[in-house]
Amino acid sequence: MRFAIGATVALAAAFVRADDASSPESESSTSTSVAKPTFTPTKLKAPFLEQFTDDWESRWKASHAKKDVKADDEEWAYVGTWSVEEPSVLKGMEGDKGLVIKDKAAHHAISAKFPKAIDNKDDTLVVQYEVKLQNGLECGGAYMKLLQDNKALHAEEFSNASPYIIMFGPDKCGATNKVHFIFRHKNPKTGEYEEKHLKNPPMARVVKTSSLYTLIVKPDQSFEMKIDGESVRNGTLLEDFTPSVNPPEEIDDPSDTKPEDWVDEARIADPEATKPEDWDEDAPFEIVDTEATKPEDWLEDEPTTIPDPEAEKPEDWDDEEDGDWIPPTVPNPKCDEASGCGKWEPPMIKNPAYKGKWSAPFIDNPAYKGVWAPKKIPNPDYFEDKSPANFEPIGAIGFEIWTMQNDILFDNIYIGHSVVDAEKLKAETFDLKHAAEKAEEEANKPKPQDTPKSPSDLVFKDDPVLYIKEKLNLFIEIAKRDPVEAVKFVPEVAGGIGVLAVTIIAILASVLMGSGAAPSQEQIKAQAKNAKKTAVDAKDKAAEAVASGSEKAQAEVNKRTTRSNAS
């Protein structure tokens with residue numbers, strides 16, 4: 001039993017070492033120290049500039065209103081919590097805090113009123129802020145809303161129904177990935193508002209380092225969007241948004257209808273054409289090739305298939321109950337060495353006389369009048385707004401967001417009229433922290449040889465301890481949900497545990513036998529053989545359990561389906 005005991009001890013020791021290797025004390029820290037700048041509040045001034053200093057709560061207030069969902073009977077409340085704190089992932093500046101979303105899969109709403117309404121009439125509007133996606137962004141928004149100045153605007157009632165002037169920032173869910181730029185435009189004739197969406201928005205930067213989003217709208221109706229200081233989209237409010245700001249001057253006359261005698265078929269079948277007398281519509285597509293001859297090596301007396309010479313009648317075949325046993329057939333190997341076997345027949349070829357069904361050729365329609373379209377009339381709803389960039393006064397900023405990821409951080413918000421000051425704020429804050437974040441990200445990037453492999457890709461001889469550790473962890477994780485599936489998916493561990501258990505039992509049995517004579521060589525071989533057989537049987541029974549379990553489950557499904565149909 002020396003080999004079995006040795007294998008058992010080695011396996012047990014490997015399990016112990018694997019557990020020790022996974023303990024916190026054995027893990028080496030991958031964090032690398034990178035010199036970071038220290039946060040200093042800016043001395044720049046703006047209509048609204050927020051760096052979330054200690055007095056931030058005097059400006060910001062969370063909303064716990066009900067979300068307005070007209071098409072849904074279910075009410076959604078803004079229960080998501082907010083915090084102002086330093087980032088926990090790739091911190092780029094000491095002492096620099098930001099506004100952080102704290103809950104996953106929750107509706108969040110928070111707003112801050114401006115000291116004075118911002119009016120950009122005949123002036124440039126600059127909107128800039130940082131977004132840090134510490135846990136990435138799989139589904140959710142990180143955009144801001146600039147809210148319409150309104151005496152009835154109360155922070156505790158801020159919701160998705162609160163009227164806004166501009167919506168700007170990243171939004172991603174599934175295949176959707178864009179940086180929104182939406183503005184609400186007031187129809188001067190009806191007084192109604194309509195959202196205008198940027199036709200071709202850029203993609204958001206989904207990274208864990210800070211991203212800087214900048215929007216510049218100028219009095220000449222042009223706009224520019226930047227990400228991390230790089231220009232990503234340019235255009236005008238009059239040409240690059242849908243629906244367009246100004247409606248068309250003319251529209252189709254809704255009362256105009258196409259005349260009954262209007263001919264809009266450009267081509268017609270020639271009415272004067274007739275089928276030629278020699279046109280045979282019944283001629284077949286293919287005919288027998290009369291010029292073909294049988295190849296000289298054609299084996300006409302050989303069958304195409306023959307009984308399988310290697311097939312044997314099953315031992316449990318009963319001629320009285322099962323009938324005469326007939327071996328299965330296989331392709332005749334002689335046919336592979338010749339042009340063919342069996343009765344030879346000439347091949348088919350395309351019929352040169354085939355013409356198919358006759359139809360008249362098409363000609364230009366002499367009565368064609370062209371494509372009909374209703375006549376145009378002046379648009380009664382037409383207006384022309386030459387300066388949509390003169391937005392209505394903006395009274396507050398708000399974040400009204402639903403997201404599957406928490407720890408989204410916002411910082412260094414600038415809303416004003418100076419492109420130069422926005423650039424200065426970027427240089428004081430984003431440029432410094434982003435450089436430190438990138439340096440730390442690069443320093444902590446795992447080396448190629450440190451990249452962990454999938455447990456399925458590991459090889460025992462490369463690293464036995466890692467192999468056993470990963471396989472054991474995978475087995476335990478699957479076994480928590482389905483032990484049978486764990487045995488099926490990680491049979492190495494199941495087999496190892498089986499051998500270990502059997503060997504321990506064998507050792508205990510030997511001890512309990514007392515201090516008699518040492519077992520003979522034949523006894524050792526027999527015990528080893530029994531242990532091996534027990535482990536194999538355990539593995540086979542596990543596989544059988546999986547198969548029978550699937551069969552029972554399918555039978556139950558069929559039974560319920562039958563009952564349901566009968567009902």
Side-chain angles (χ1 to χ4, degrees), residues 47-85 97-118 127-135 137 139-173 180-184 193 195 213 215 391-415:
F48 184 80
L49 201 159
E50 181 62 78
Q51 293 187 295
F52 297 100
T53 47
D54 292 341
D55 59 343
W56 72 276
E57 288 181 297
S58 64
R59 296 179 294 277
W60 293 84
K61 187 169 184 179
S63 170
H64 297 290
K66 298 290 186 181
K67 187 168 184 177
D68 183 16
V69 187
K70 297 178 181 178
D72 196 340
D73 293 334
E74 189 171 1
E75 287 188 339
W76 298 98
Y78 293 99
V79 296
T81 56
W82 299 85
S83 175
V84 168
E85 59 190 46
K97 297 180 180 179
L99 179 67
V100 180
I101 288 175
K102 296 304 295 179
D103 300 308
K104 297 179 180 179
H107 296 271
H108 295 73
I110 194 169
S111 62
K113 275 194 172 185
F114 297 156
K116 180 182 177 181
I118 297 176
V127 180
Q128 180 172 282
Y129 73 118
E130 293 176 13
V131 177
K132 188 175 178 65
L133 307 172
Q134 299 186 86
N135 292 324
L137 187 65
C139 189
Y143 44 78
M144 66 157 64
K145 290 181 178 180
L146 299 183
L147 306 178
Q148 185 180 45
D149 187 35
N150 189 335
K151 292 181 180 179
L153 177 64
H154 299 290
E156 63 274 8
E157 297 174 1
F158 170 52
S159 72
N160 62 313
S162 301
Y164 70 90
I165 301 299
I166 289 176
M167 178 172 157
F168 171 61
D171 188 17
K172 182 181 183 299
C173 193
H180 287 293
F181 176 18
I182 305 170
F183 68 92
R184 290 173 74 245
Y193 289 87
E195 290 183 348
Y213 291 90
L215 171 65
F391 301 119
E392 293 187 356
I394 303 168
I397 177 176
F399 292 98
E400 186 269 315
I401 288 170
W402 180 89
T403 176
M404 287 297 295
Q405 278 68 49
N406 61 345
D407 287 344
I408 298 175
L409 182 147
F410 306 105
D411 199 5
N412 295 314
I413 304 171
Y414 175 94
I415 302 172

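In what follows, every heavy atom counts, from backbone to side chain, and hydrogens, waters and symmetry copies are set aside.
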| said: Going by salt bridge (Lys or Arg N to Asp or Glu O under 4.0 Å), name the residues that satisfy it together with E195, two or more places apart in sequence or in a different chain. | reply: none
| request: List in chain and number order the residues that pass ring pair (Phe, Tyr, Trp, His ring centres under 6.0 Å) with Y164, two or more places apart in sequence or in another chain; answer none if no residue qualifies. | output: none
| How close do R184 and P163 get, heavy atom to heavy atom, and via which atoms? | NH1-CB, 3.8 Å
| How many angstroms lie between OG in S63 and NE2 in H108, if you round to the nearest 0.5 Å? | 12.0 Å
| note | Here the gap from K104 atom NZ to M404 atom CE, rounded to the nearest 0.5 Å, amounts to 8.0 Å
| task | Would you please name every residue forming a salt bridge (Lys or Arg N to Asp or Glu O under 4.0 Å) with E130, sequence neighbours left out? | result | K433
| message | Could you go through N406 and D103, starting from their C-alpha distance and side-chain angles, then the distance that decides it, and tell me whether this counts as side chain to side chain contact (heavy atoms under 4.5 Å, CB included)? | response | CA-CA 5 Å; N406 61 345; D103 300 308; 5.7 Å; no
| field | Spacing of K145 atom NZ and I165 atom CD1 [to the nearest 0.5 Å] | value | 12.0 Å
| task | Start with the C-alpha gap between K102 and D407, add the side-chain angles, then the distance that decides, and say whether side chain to side chain contact (heavy atoms under 4.5 Å, CB included) holds. | result | CA-CA 5 Å; K102 296 304 295 179; D407 287 344; 3.4 Å; yes
| query | Crowded around D55 CG? As in, over 12 foreign heavy atoms under 6.0 Å? | reply | yes
| task | Check whether any side-chain heavy atom of I101 lies under 4.5 Å from a side-chain heavy atom of F399, and answer yes or no. | result | no
| remark: Residues A142 and L133: closest non-hydrogen pair is CB-CD2, 4.4 Å
| task | Decide side chain to side chain contact (heavy atoms under 4.5 Å, CB included) for F114 and I415; before the verdict, give the C-alpha distance in whole Å, the side-chain angles of both, and the deciding distance to 0.1 Å. | result | CA-CA 10 Å; F114 297 156; I415 302 172; 3.8 Å; yes
| Partners meeting ring pair (Phe, Tyr, Trp, His ring centres under 6.0 Å) with F181 (sequence neighbours left out) | F223, F241
| field | Listed partners of E50 passing salt bridge (Lys or Arg N to Asp or Glu O under 4.0 Å), at least two apart | value | R59
| Checking side-chain hydrogen bond (donor to acceptor under 3.5 Å, both in side chains) against Y78, which of H107, H64, E400 comes through? | E400
| Which heavy atom in W402 sits nearest to a heavy atom in A105, and how many Å separate them? | NE1-C, 3.8 Å
| query | Between F168 and Y129, what is the ring plane arrangement, given parallel below 30°, perpendicular above 60°, and tilted in between? | reply | perpendicular
| request: Write down the atom of F52, the atom of G98, and the distance for their closest heavy-atom approach. | output: CD1-CA, 4.2 Å
| field | Candidates K97, K132, E85 - the one meeting side-chain contact (heavy atoms from CB on, under 4.5 Å) with L409 | value | K132
| What is the ring orientation for W60 with F48, classed by angle as parallel under 30°, tilted 30 to 60°, or perpendicular over 60°? | perpendicular
| request: Nearest 0.5 Å please: distance from the CD1 atom of I408 over to the CH2 atom of W82. | output: 8.5 Å
| field | From D171 atom CG to C139 atom SG, the distance as rounded to the nearest 0.5 Å | value | 8.0 Å
| For Y143, ring pair (Phe, Tyr, Trp, His ring centres under 6.0 Å) partners two or more places apart | H180
| message | To check you understand the geometry: which heavy-atom pair defines the closest contact between C173 and G140, and what is its length? | response | CB-N, 4.4 Å
| Nearest-0.5 Å distance that lies between atom CD1 in I397 and atom CD1 in I166 | 11.0 Å
| task | Identify the heavy atoms of A117 and P393 that sit nearest to each other, and give their distance. | result | CB-CB, 4.3 Å
